[in-house]
2 protein chains.
Amino acid sequence: MKVLPKYFTAAITVDNVIFGFDQGDLKVLLVKRLEEPHLGEWGLPGDFVQPQENLTDAPVRVLSELTGLSEVYLEQVSSFGDVDRHPSGRVITIAYYSLINLTNTRFRRHIKQDVTKWVNIRDLRPLPFDHTQIVLTCIERLKLHVRRKPIGFELLPPKFTLSELQSLYEAVLNRDLDKRNFRKKIMGMKILVDVAEYQEGVAHRPAKLYQFDKEKYEEFQSEGFVFEI
Amino acid sequence: MKVLPKYFTAAITVDNVIFGFDQGDLKVLLVKRLEEPHLGEWGLPGDFVQPQENLTDAPVRVLSELTGLSEVYLEQVSSFGDVDRHPSGRVITIAYYSLINLTNTRFRRHIKQDVTKWVNIRDLRPLPFDHTQIVLTCIERLKLHVRRKPIGFELLPPKFTLSELQSLYEAVLNRDLDKRNFRKKIMGMKILVDVAEYQEGVAHRPAKLYQFDKEKYEEFQSEGFVFEI
DNA sequence: TCAAAAGTGTTCTTATTACACCCATGG
DNA sequence: CCATGGGTGTAATAAGAACACTTTTGA
């Protein structure tokens with residue numbers, strides 16, 4: 001093929017829908033735009049894919065620069081490429097979502113409070129570009145994934161209570177779950193370990209703490225087990 | 001934002017994994033490459049996204065040019081963008097799959113036999129670029145979708161037998177299904193209409209023909225029904 | 001009359017749902 | 001001693017899996 005220069009005129013960006021879970025609410029991390037267009041508005045964190053950067057490395061870099069975190073759960077969701085979606089030229093964006101535990105101290109020290117904010121997914125206001133559509137698409141994808149892969153734990157601290165886990169699922173799936181049935185199902189999978197510790201400083205019976213046992217999950221998975229909630 | 005020209009140097013393509021179902025086998029349509037690189041090899045149909053073309057219009061155009069078909073089921077699957085995936089420069093591709101009924105006469109008249117071929121997904125040989133990975137990703141995605149959305153019908157003629165439908169599911173899911181349980185499940189959904197016609201010219205008891213009733217499906221769906229096999 | 005695929009029900013097992021009370025703690 | 005959420009089991013219902021024989025046709 002002759003290289004047709006007219007085609008090599010597009011830019012590629014990634015946009016990252018970063019989910020966090022806080023006090024029963026599923027939230028998305030927005031950043032204040034420091035550049036035109038939409039200077040000063042709140043939008044999704046993202047960046048141009050660099051000329052010498054593989055596509056899948058771009059969201060990892062964006063996330064690391066913004067949050068200080070590495071080894072984060074990341075999933076490609078969809079590409080958006082209407083001709084007029086960006087005023088500077090032809091820009092295709094590839095949307096990813098990631099799941100982080102926002103109690104992580106490394107994250108809490110790194111994040112810049114004045115240019116970022118967490119927004120409850122129920123309180124989303126219109127975002128610049130097609131970012132609203134991107135967020136909604138990522139929420140839908142997360143709803144599917146969270147039921148079939150053990151990724152909910154990524155949103156929680158390493159040690160968590162069963163009620164926290166249930167509340168997370170309720171926030172993501174946007175419906176109530178029955179406490180006893182939920183516990184039966186989760187505990188029946190045998191992928192949580194009871195770390196023999198308890199909540200402290202709560203004005204009620206303290207809950208047991210559990211950890212997700214990734215090794216066990218992978219062992220069961222290789223035997224044909226499928227995570228499902 | 002200043003326009004940084006260094007970023008507007010990428011090209012965007014779409015690649016289309018076109019699935020067809022023939023005699024119990026799930027197949028993918030390959031085209032002979034008429035240009036370098038990989039001139040003469042069999043690869044996925046695809047093209048550059050045109051400068052004034054929305055991303056989602058590109059796979060529709062590719063499909064229409066190749067097959068003569070419009071109104072085809074199309075689904076975006078994933079983007080692929082390793083730095084070195086294309087020798088001519090930075091090319092990001094967005095993969096789609098589509099489902100067509102290859103007995104369609106419009107298609108059969110339009111398709112060019114000498115530059116296209118159907119390959120059974122079990123007989124795939126290595127493809128140029130990252131096309132093998134793209135096909136495998138699309139097959140996995142189709143396996144998920146076909147169980148939760150009534151899209152299998154897109155691969156069959158408008159009127160089909162229950163055995164053809166079952167054989168299609170067996171090919172896509174790559175496992176045997178129980179005839180009685182399959183029929184119970186499908187018929188229980190009440191989204192097929194018995195057109196009171198029968199197979200002809202077969203050396204066995206002729207099977208009833210059915211049609212997918214899209215209106216009924218959408219009605220049930222709006223009442224909360226979820227297709228699931 | 002044979003070969004080939006169509007068509008059809010029941011039983012057993014497993015998963016899902018619905019549901020209410022006592023427990024441990026801090027204030 | 002009160003308020004708060006933690007923790008637990010059983011029964012009823014629904015869904016899924018396993019399984020074999022008769023029917024209709026063309027050759």
Side-chain angles (χ1 to χ4, degrees), chain A residues 21-25 146-148 156-157 159-171 173-211 220 223-229, chain B residues 21-25 146-148 156-157 159-171 173-211 220 223-229:
Chain A
F21 178 69
D22 183 35
Q23 311 281 128
D25 293 319
V146 82
R147 299 193 56 181
R148 312 194 62 94
L156 295 174
K159 296 173 185 176
F160 50 84
T161 70
L162 291 179
S163 292
E164 286 167 347
L165 187 63
Q166 179 178 344
S167 154
L168 160 62
Y169 273 94
E170 290 176 331
L173 301 176
N174 197 27
R175 61 188 172 91
D176 289 345
L177 301 173
D178 179 271
K179 182 160 67 163
R180 279 179 286 193
N181 293 338
F182 179 80
R183 285 167 186 238
K184 213 186 309 174
K185 200 156 190 176
I186 286 284
M187 296 313 285
M189 295 185 194
K190 304 190 190 303
I191 56 176
L192 295 189
V193 295
D194 176 346
V195 295
E197 292 176 49
Y198 291 84
Q199 274 184 316
E200 284 173 21
V202 288
H204 53 77
R205 176 172 171 179
K208 272 192 177 179
L209 296 177
Y210 293 88
Q211 265 184 306
F220 293 159
E223 293 162 3
F225 164 78
V226 179
F227 181 92
E228 186 146 15
I229 283 189
Chain B
F21 179 68
D22 183 34
Q23 310 281 127
D25 293 318
V146 82
R147 299 193 56 180
R148 312 194 62 94
L156 295 174
K159 296 173 185 176
F160 51 83
T161 70
L162 291 179
S163 292
E164 286 166 349
L165 187 63
Q166 179 178 343
S167 154
L168 160 62
Y169 274 94
E170 290 176 332
L173 301 177
N174 197 26
R175 63 191 170 88
D176 289 345
L177 301 172
D178 179 89
K179 182 161 66 162
R180 281 180 283 194
N181 293 337
F182 179 80
R183 286 167 184 238
K184 215 184 310 171
K185 199 155 189 178
I186 286 284
M187 297 312 284
M189 295 185 194
K190 304 190 188 303
I191 56 174
L192 295 190
V193 294
D194 176 347
V195 294
E197 293 175 47
Y198 291 85
Q199 273 184 317
E200 284 172 21
V202 288
H204 55 77
R205 177 172 172 179
K208 275 191 174 178
L209 297 177
Y210 293 87
Q211 265 185 305
F220 293 159
E223 294 163 2
F225 164 78
V226 178
F227 182 92
E228 186 148 14
I229 284 190

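Protein chains get the first letters and strands the later ones, always in sequence-line order, with residue 1 at the start of each. Predicted, not measured: the structure shown is a model, and the values here were computed from it.
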What I'd like to find out is whether the side chain of B:Leu192 reaches to under 4.5 Å of the side chain of B:Phe160, using heavy atoms alone. yes
Any side-chain heavy-atom pair of A:Met189 and A:Phe220 under 4.5 Å: no
Contact list for DNA chain C against residues 174-182 of chain B - heavy-atom distance below 4.0 Å: B:Lys179, B:Arg180
Protein-nucleotide distance (B:Gln199, atom CD; C:dA6, atom P), rounded to Å: 6 Å
Looking at residues 183-194 of chain B, who's got a heavy atom less than 4.0 Å off DNA chain C? B:Arg183, B:Lys184
How many whole angstroms separate atom CZ of B:Arg205 from atom P of D:dT22? 13 Å
If you find the nucleotide of DNA chain C closest to B:Tyr210 and the one closest to B:His204, which residue's nucleotide is nearer the 5' end? B:His204
What's A:Thr161 touching, base or sugar-phosphate or nothing? Going by heavy atoms closer than 4.0 Å. nothing
Expected output: side-chain A:Arg147 to main-chain A:Ile229 donor-acceptor under 3.5 Å: yes
Quickly work out the B:Glu164 CD to C:dA5 C1' distance and round it to whole Å. 12 Å
Mind checking whether A:Leu162 and A:Met187 have side chains closer than 4.5 Å, heavy atoms only? yes
B:Gln23, CD: over 12 other non-hydrogen atoms inside 6.0 angstrom: no
B:Ile229 atom CD1 is separated from D:dA17 atom C1', nearest whole Å, by 16 Å
With nearest nucleotide decided by heavy atoms, which residue, B:Ala203 or B:Lys208, maps closer to the 5′ end of DNA chain C? B:Ala203
Between the main-chain N or O of B:Ala207 and the side-chain N or O of B:Gln199, is there a donor-acceptor pair closer than 3.5 Å? yes
Would you say A:Glu170's side chain and A:Leu177's backbone share a donor-acceptor pair under 3.5 angstrom? yes
Any side-chain N or O of B:Ser163 under 4.0 Å from OP1/OP2 of C:dA5? no
Taken to the nearest whole Å, OH/A:Tyr198 to C1'/D:dG7 is 11 Å
On DNA chain D, does the nearest nucleotide to A:Ala207 precede the nearest nucleotide to B:Glu228 from the 5' side, or the other way round? Give the residue. A:Ala207
Quick one: are A:Tyr198 and A:Lys208 in side-chain contact, heavy atoms under 4.5 Å? yes
How are the rings of B:Tyr169 and B:Phe182 set relative to one another: parallel (under 30°), tilted (30 to 60°) or perpendicular (over 60°)? tilted
